[in-house]
Structure formats: structure tokens, C-alpha cells
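Bear in mind that the values here come from a model prediction, so they are computed numbers and not experimental data. Just so it is clear: chains get the letters A, B, ... in the order the sequence lines come, proteins before strands, and each one is counted from 1.
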Amino acid sequence: MGGAVFKKKNIPLFAMISPVTAWLIVLIAIPLVYILAISFCSTNADHNIAFHFTLKNYIRLFDPTILGIYSNSLIVSILSTAFCILLAYPFAYVLAKTTPFKKTLMMIFLMLPFWTNSLIRLYSWRTLLGKNGYINEFLVYIGLIDAPLEMMFTRGAVILGMVYTLLPFMVLPIHTAIDKLDTSLIEASKDLGANFWQTFKNVILPLTAPGIFAGSIMVFIPSLGFFFVSDLMGGGNNQIIGNLISRQFKESYNWPFGATLSIMLIVLTIVCVRLYTKSGGKLDELGNI
Amino acid sequence: MRNHLLKKSTRQKFLSRAFCALIFIFLYAPIAVVILFSFNVSRRNILFEGFTFSWYKEMFSNGPLLESFANTLIVAASSTSLAVVIGVLAAVAMFRYKFKGKGFIDAMLYVPVVIPEIVLGISLLASFAIASIPLGRITLIIAHTTFSIPFVVFTVRARLAGYDKSVEEAAMDLGANRLQVLTGITIPIILPGIIAGAVLAFTLSIDDFIISFFTTGSKSITFPLKIMESVRSGIRPDAYALSSIIMLVTFIVVVVSQLIAYRTSKKEKL
């Protein structure tokens with residue numbers, strides 16, 4: 001393309017691209033730089049930000065209470081991701097192998113709950129899991145347990161809430177990966193005498209690993225921040241990193257420390273996404289588009 | 001031998017069906033509770049004590065609940081419209097032109113998609129604080145637009161990927177100006193992408209809790225925030241009733257539109 005053509009196009013280009021550029025700079029880039037900056041600041045007596053350099057907030061990350069919340073949060077997120085993989089993989093496999101009509105139908109019903117408020121869907125788990133809830137009643141009735149179990153407001157309930165909220169985000173990338181799978185490779189493996197498990201372990205699983213990786217990022221990263229899940233399902237006893245951040249901004253008004261905690265989340269996100277793109281993953285998969 | 005194989009495949013079929021059924025039970029059990037308990041006589045959502053329609057009437061006299069829902073719709077409609085305008089312009093420009101800073105915009109668009117929502121929420125809160133903009137409906141709309149723009153850009157860009165530029169050139173040769181090309185050719189072609197992006201942005205906005213939690217004031221509460229607020233005293237069945245109505249409406253819209261999309265895609269293939 002010649003220079004003259006480019007110049008002629010400059011005016012419409014500028015008109016089309018400046019709104020998005022301005023928006024991204026003013027509402028994403030600058031705020032993130034500001035968050036990074038105040039993570040090195042402290043607060044004064046009125047909870048205002050005191051702009052002088054300190055590493056205090058980063059040192060506070062090693063405080064035993066903070067470390068405790070971090071470890072609880074990581075356990076919740078790792079287990080939630082693992083359960084999502086176990087549930088999503090077989091489901092995505094069936095989804096990829098079924099007829100187009102059934103596939104469309106299953107996709108609709110997978111995404112449909114998303115159109116209902118997620119807080120209300122989480123809240124209604126109380127009716128099912130509560131001490132007088134239907135699941136306890138059923139388990140006592142069939143004689144599996146003698147007395148109702150304490151299921152709500154436990155770490156298990158928080159994990160269940162995370163899996164419940166994030167499962168579709170694991171299904172979609174795995175489904176895409178299985179869908180792209182070259183079936184002739186599976187047939188070749190079968191022809192060479194491999195049984196289903198051997199084929200699965202040596203052919204299908206390695207080829208669909210990028211999908212599992214993408215799904216894992218889309219479950220693991222949000223689950224560190226979903227404080228409403230731990231509020232609704234854990235009842236305040238099972239704090240995750242998101243609760244800690246939210247408290248700094250809404251209750252204790254320690255924005256610099258909240259900023260530090262957020263920077264740690266960003267660093268973790270960047271590390272995960274880097275590992276993913278380095279291993280050949282595409283960013284678009286993470287956006288589910 | 002053949003019989004053995006056949007047996008195995010029916011067993012596999014049964015297992016895969018049972019597994020999928022369990023997944024759907026898991027996904028829909030809480031929704032069933034919401035619908036069932038919207039008809040419950042008791043205001044406590046513990047046991048079903050009797051059938052009534054009264055919550056569906058009561059709902060209309062619950063001012064704060066309806067107000068929060070109306071606000072949610074206003075915010076979703078405004079932020080989606082803004083995001084569509086900004087996002088479509090950006091997607092078309094990025095598809096059509098090579099320019100300095102394209103890589104930067106592209107990278108920045110992935111930021112709101114990939115970083116945890118809470119980080120976006122607090123950084124928006126911080127930026128409103130620096131600019132001393134009071135938190136309310138305006139900041140809420142700005143915040144929702146911010147996380148919606150990338151989704152619009154991505155869905156429109158996906159649609160543009162298979163777009164033949166020569167159609168535009170032909171129109172220009174025939175004397176159409178840029179605006180006529182944009183409104184007469186480009187937009188109709190990318191319309192499915194725009195609709196998909198808008199639907200995505202709208203639903204994300206309606207369901208958003210985390211970002212709204214940080215970017216609105218007490219005067220501009222949304223439906224999810226209202227739900228969270230009433231958790232402590234217990235959610236009343238009228239909120240379930242409203243949710244059930246929303247669900248019914250979206251269920252019909254989604255199923256019908258998806259089935260139409262399925263049929264047209266099938267026709268296109270033929």
C-alpha cells in the first residue's frame with residue numbers, strides 16, 4: 001500500500017480508533033498504573049493515601065493471617081479447577097461427539113443458567129444443602145447418614161459454589177479442543193491395537209491439553225477473586241483473596257494494601273497467561289470467543 | 001464378538017447419558033428451587049409449605065426491588081449501546097487499517113477479559129476517586145462499558161475475519177462514499193457479530209456483581225447488589241418470583257433465537 005493511500009485514510013481511521021484508545025487508556029491503563037503506584041504507599045490517620053515510598057504493604061503479605069487466607073484461597077481454587085476438569089471433560093467429550101442438533105440443545109442448556117442472576121442461584125443452594133435441607137433429608141431417609149450433615153458454610157460449600165459458577169468456562173475450551181481433534185489419529189491408534197484408555201492417555205489427552213489449560217486459567221484466576229461465592233457459601237469463615245481485597249476497599253479503607261493484594265493477583269494472572277501462550281495457547285480461547 | 005462390541009457401546013451410551021444428566025441436574029437444581037419457592041407460602045426458603053401466587057403480586061409493591069431491577073436494565077442498555085458504538089468502530093478500523101499502536105490497543109483489549117474482575121473493579125473505583133466523580137449510575141455505566149467493549153470488538157472481529165474487502169472497493173468504484181459503504185455494506189455484513197457482542201455485553205452487565213459492587217453508590221443499586229444486600233435478613237420469595245419471570249422471558253428468547261440460528265446455519269451449509 002502506498003503512502004498516499006494511507007494518508008487519505010487517516011481521518012476516518014482517527015475518528016474510528018480514538019474513542020476506544022481514549023477509553024482504554026483512561027479507564028484501564030492509567031488506573032492500573034495508579035494501583036501499582038499506591039501499592040508502594042501507606043495510609044495516614046484519616047485513611048487517606050500518604051504518597052511516600054514504602055515496602056510495608058509487600059512485607060505485610062507474609063503476615064500469618066494473610067498467608068492463611070492465601071493458602072485457603074489457593075486450596076479452594078486448585079480444588080475447584082480440578083473438579084471442573086473432572087466434570088467438564090467427559091461432558092465436553094459427549095458434546096463434541098453428539099449430533100449437531102443435540103449439541104446445539106446441550107449448549108443452550110449449558111449456557112442458559114447464565115441468564116439467571118448468579119447470586120440468587122448460589123443462594124438457593126442453602127435450601128438444598130442446609131441442615132434441614134432436601135439433600136440431608138434424603139440422605140437420612142435412605143439411611144446413608146444418621147444425623148444431618150453440616151454442609152453449608154464450609155470450605156466444601158465454597159468449592160461447590162465455585163464449580164457451579166465456573167463450570168461452563170471449563171466446558172467450552174475443552175469442547176473446542178476435542179472438536180478440532182483429528183479423528184483419523186484416534187482410528188489409527190485403535191487400528192494399531194490400542195484400547196480406549198491407551199488411546200485416551202497417549203493420543204486424545206495430549207492433543208486436548210491446550211483446551212484443559214485454557215479452561216483451567218478461566219476457572220482458577222476468577223475463583224481467587226469471587227468473594228461473593230465465599231460470602232454466600234462460606235458464610236464469612238472461608239475467606240479467599242477476593243474477600244481480603246474487597247475488605248481493604250470497602251471496610252478498613254486501606255487502599256494501598258488492597259492495591260498490593262491486587263498487584264499480586266495481576267502478577268499471578270500474567271504468569272499463568274504467559275505459561276499458556278508460551279505453550280502455544282491462543283489468547284482468544286481465554287475470552288471464550 | 002459383534003454382540004460383545006454392541007453391548008459395550010450401549011453401555012457406554014448409557015454411561016455418557018447418565019453423566020450428562022447428572023451435570024444438568026447439578027446446574028438446574030438451584031434454579032428449580034428458585035422457581036418452586038417463588039410459589040411457597042412461607043417467606044423462609046427452607047421447606048415448601050404450600051402453594052401460592054401471592055409473591056407474584058407482592059413483587060409489584062416491593063418498590064426497592066423493582067427499582068433495582070429497572071436500574072439494572074437502564075445500566076445494561078446504556079453500557080451496551082456505548083460499548084457497541086465504540087467496539088464496532090474499533091473492530092472495523094483494526095480490521096481495515098494498519099497503524100501505529102494497533103498492537104497496544106489489541107493487548108489492552110485483553111486486559112479486562114483476563115484480569116480478575118475484582119482488580120478491574122478496584123482500579124475503576126480508584127480512577128473515579130482520582131477524578132473525584134461521585135459514585136452512582138454514571139460511574140456504573142462507565143464501568144460496565146469498560147468490560148463490555150472487548151467482547152464487542154472480539155465478536156465483530158470474528159465476523160470480519162471472513163469478510164471480502166473487494167465488495168467495499170466495488171461499492172466505492174460505483175460511487176458510494178465512505179459513510180454509504182459503512183452503513184450500506186460493512187454494518188449489514190457484520191450485523192450478526194454486533195448482535196452477538198451486544199447480547200453478550202447485555203447479559204454480562206445484568207449479572208455483574210463484583211464490578212458494580214465497587215463502582216456504584218448507595219443511590220444506584222442494581223438487582224444483584226439488592227440480592228446481596230438482602231441475604232443477611234433472608235431473601236424473600238418475591239425476589240424469587242421476579243427471577244422466575246426473568247428466567248422465563250430469557251428462556252423463550254434464547255431457545256427461539258438459538259434454534260433460528262441453528263436452522264439458518266444448517267441452510268447455509270446446504
Side-chain angles (χ1 to χ4, degrees), chain A residues 9 12-13 16-17 19-21 23-24 27-32 34-35 38 87 90-91 94 101 104 106 108-109 112-121 123-128 130 132 164 221-222 224-225 227-228 232 242 245-246 249 255 258 262 265-266 269 273 283-284 286-287 289, chain B residues 16 19-20 23-24 27 29-31 33-34 37 45-47 86 89-90 92-93 97 99 105 108 110-119 122-127 130 142 146 149-150 154-155 158 178 203 207 209-210 214 223-224 227-228 231 235 239 243 246-247 250-251 254-255 258 262:
Chain A
K9 283 179 176 173
L13 166 66
M16 286 164 93
I17 210 71
V20 75
T21 313
W23 202 283
L24 292 173
L27 289 146
I28 292 174
I30 292 174
L32 287 176
Y34 180 72
I35 289 296
I38 65 168
L87 293 177
F91 185 80
V94 176
F101 181 74
T104 311
M106 279 170 81
I108 294 174
F109 282 100
L112 206 58
F114 270 73
W115 276 276
T116 314
N117 182 265
S118 50
L119 297 174
I120 240 172
R121 285 185 292 136
Y123 181 82
S124 63
W125 272 105
R126 290 186 182 186
T127 305
L128 295 165
N132 305 315
Y164 181 68
I221 299 290
L224 293 167
F227 62 92
F228 62 90
L232 287 169
I245 296 176
S246 150
F249 283 89
W255 286 27
S262 305
L265 263 193
I266 295 175
T269 309
V273 173
L283 271 177
D284 276 334
L286 296 181
I289 294 137
Chain B
S16 69
F19 185 83
C20 292
I23 295 277
F24 281 120
L27 289 174
I31 292 177
V33 169
V34 171
F37 281 73
N45 307 306
I46 298 172
L47 287 173
I86 296 170
L89 287 175
V92 172
Y97 306 111
F99 54 91
I105 294 174
M108 286 303 292
Y110 283 101
V111 173
V113 179
V114 178
I115 61 166
E117 279 171 80
I118 189 165
V119 176
I122 60 111
S123 57
L124 284 164
L125 168 65
S127 63
I130 316 173
I142 294 172
T146 308
I149 289 173
F154 295 152
T155 48
R178 270 174 211 290
T203 51
D207 194 38
F209 171 73
I210 295 184
F214 293 104
F223 185 56
I227 296 292
M228 199 53 155
V231 162
I235 291 176
S243 298
I246 300 168
M247 239 182 286
T250 47
F251 176 84
V254 170
V255 171
Q258 289 289 316
Y262 171 79

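- A perpendicular orientation is assigned to the rings of A:F109 and B:F24, their planes being inclined by more than 60° (bins at 30° and 60°).
- Taking B:T146, B:I142, B:V119 one by one and counting their heavy-atom pairs under 4.5 Å with chain A, the maximum is reached by B:T146.
- Taking CH2 of A:W23 as the reference point, atom CD1 of B:I86 lies at 4.5 Å (rounded to 0.5 Å).
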With side chain to side chain contact (heavy atoms under 4.5 Å, CB included) as the criterion, how do A:T127 and B:I46 come out once you've worked through the C-alpha distance, each side chain's angles and the decisive distance to 0.1 Å?
CA-CA 5 Å; A:T127 305; B:I46 298 172; over 6 Å; no
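- Of the two parts of B:L89, the backbone and the side chain both hold a non-hydrogen atom closer than 4.5 Å to a non-hydrogen atom of chain A.
- In this structure, OG in B:S123 is found 8.0 Å from CD1 in A:I28, a value given to the nearest 0.5 Å.
- Across all their heavy atoms, B:A239 and A:I120 have their closest contact at O-CD1, 3.8 Å.
- Residues A:L13 and B:A93 come closest through the heavy atom pair CD1-CB, 4.1 Å.
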Evaluation steps, side chain to side chain contact (heavy atoms under 4.5 Å, CB included), between A:D284 and B:Y110
CA-CA 9 Å; A:D284 276 334; B:Y110 283 101; 2.6 Å; yes
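- In terms of heavy-atom proximity, A:S262 sits nearest to B:I122 at OG-CD1, 3.2 Å.
- With respect to chain B, the highest number of heavy-atom pairs below 4.5 Å among A:I38, A:L224, A:L232 belongs to A:L232.
- A side-chain N or O of A:S118 and one of B:D207 form a donor-acceptor pair less than 3.5 Å apart.
- For A:S124, the parts lying near chain B are the backbone and the side chain together; criterion is any non-hydrogen pair under 4.5 Å.
- The contact between A:I35 and chain B is made entirely by side chain atoms (from C-beta outward), counting heavy-atom distances below 4.5 Å.
- For the pair B:P30 and A:L128, the tightest heavy-atom approach, listed with the atom from each and the gap, is N-CD1, 4.1 Å.
- Separating the CZ atom in A:F228 from the CD1 atom in B:I227 is a distance of 13.0 Å, to the nearest 0.5 Å.
- Ring geometry for A:F227 versus B:F209: interplanar angle of 30 to 60°, hence tilted.
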Would you check, one step at a time, whether the test side chain to side chain contact (heavy atoms under 4.5 Å, CB included) holds for B:N45 with A:Y123?
CA-CA 10 Å; B:N45 307 306; A:Y123 181 82; 3.7 Å; yes
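- Only the side chain of A:Y34 comes within contact range of chain B, judged by heavy atoms closer than 4.5 Å.
- Put simply, CD1 on B:I115 and CG on A:L265 are 9.5 Å apart, with the number rounded to the nearest 0.5 Å.
- B:I105 approaches A:T21 most closely through the heavy-atom pair CD1-OG1, 3.4 Å.
- When each of B:V254, B:L125, B:L27, B:I235 is checked for heavy-atom pairs under 4.5 Å with chain A, B:I235 comes out on top.
- Note: B:I23 leads B:L124, B:L47, B:I23, B:V114 in heavy-atom pairs under 4.5 Å with chain A.
- We find the CG-CZ distance between A:L112 and B:F251 to be 6.0 Å, quoted to the nearest 0.5 Å.
- For A:P90, the parts lying near chain B are the backbone and the side chain together; criterion is any non-hydrogen pair under 4.5 Å.
- Across all non-hydrogen atoms, the minimal contact from A:N117 to B:F223 is CB-CE2, 4.3 Å.
- A:M106 is listed as a side-chain neighbour of B:C20, based on a closest heavy-atom distance under 4.5 Å.
- Interatomic distance, CZ of A:F91 versus CZ of B:F19, reported as 8.5 Å (0.5 Å rounding).
- By number of non-hydrogen pairs under 4.5 angstrom with chain A, the leading residue of B:I246, B:V92, B:V255, B:V231 is B:V231.
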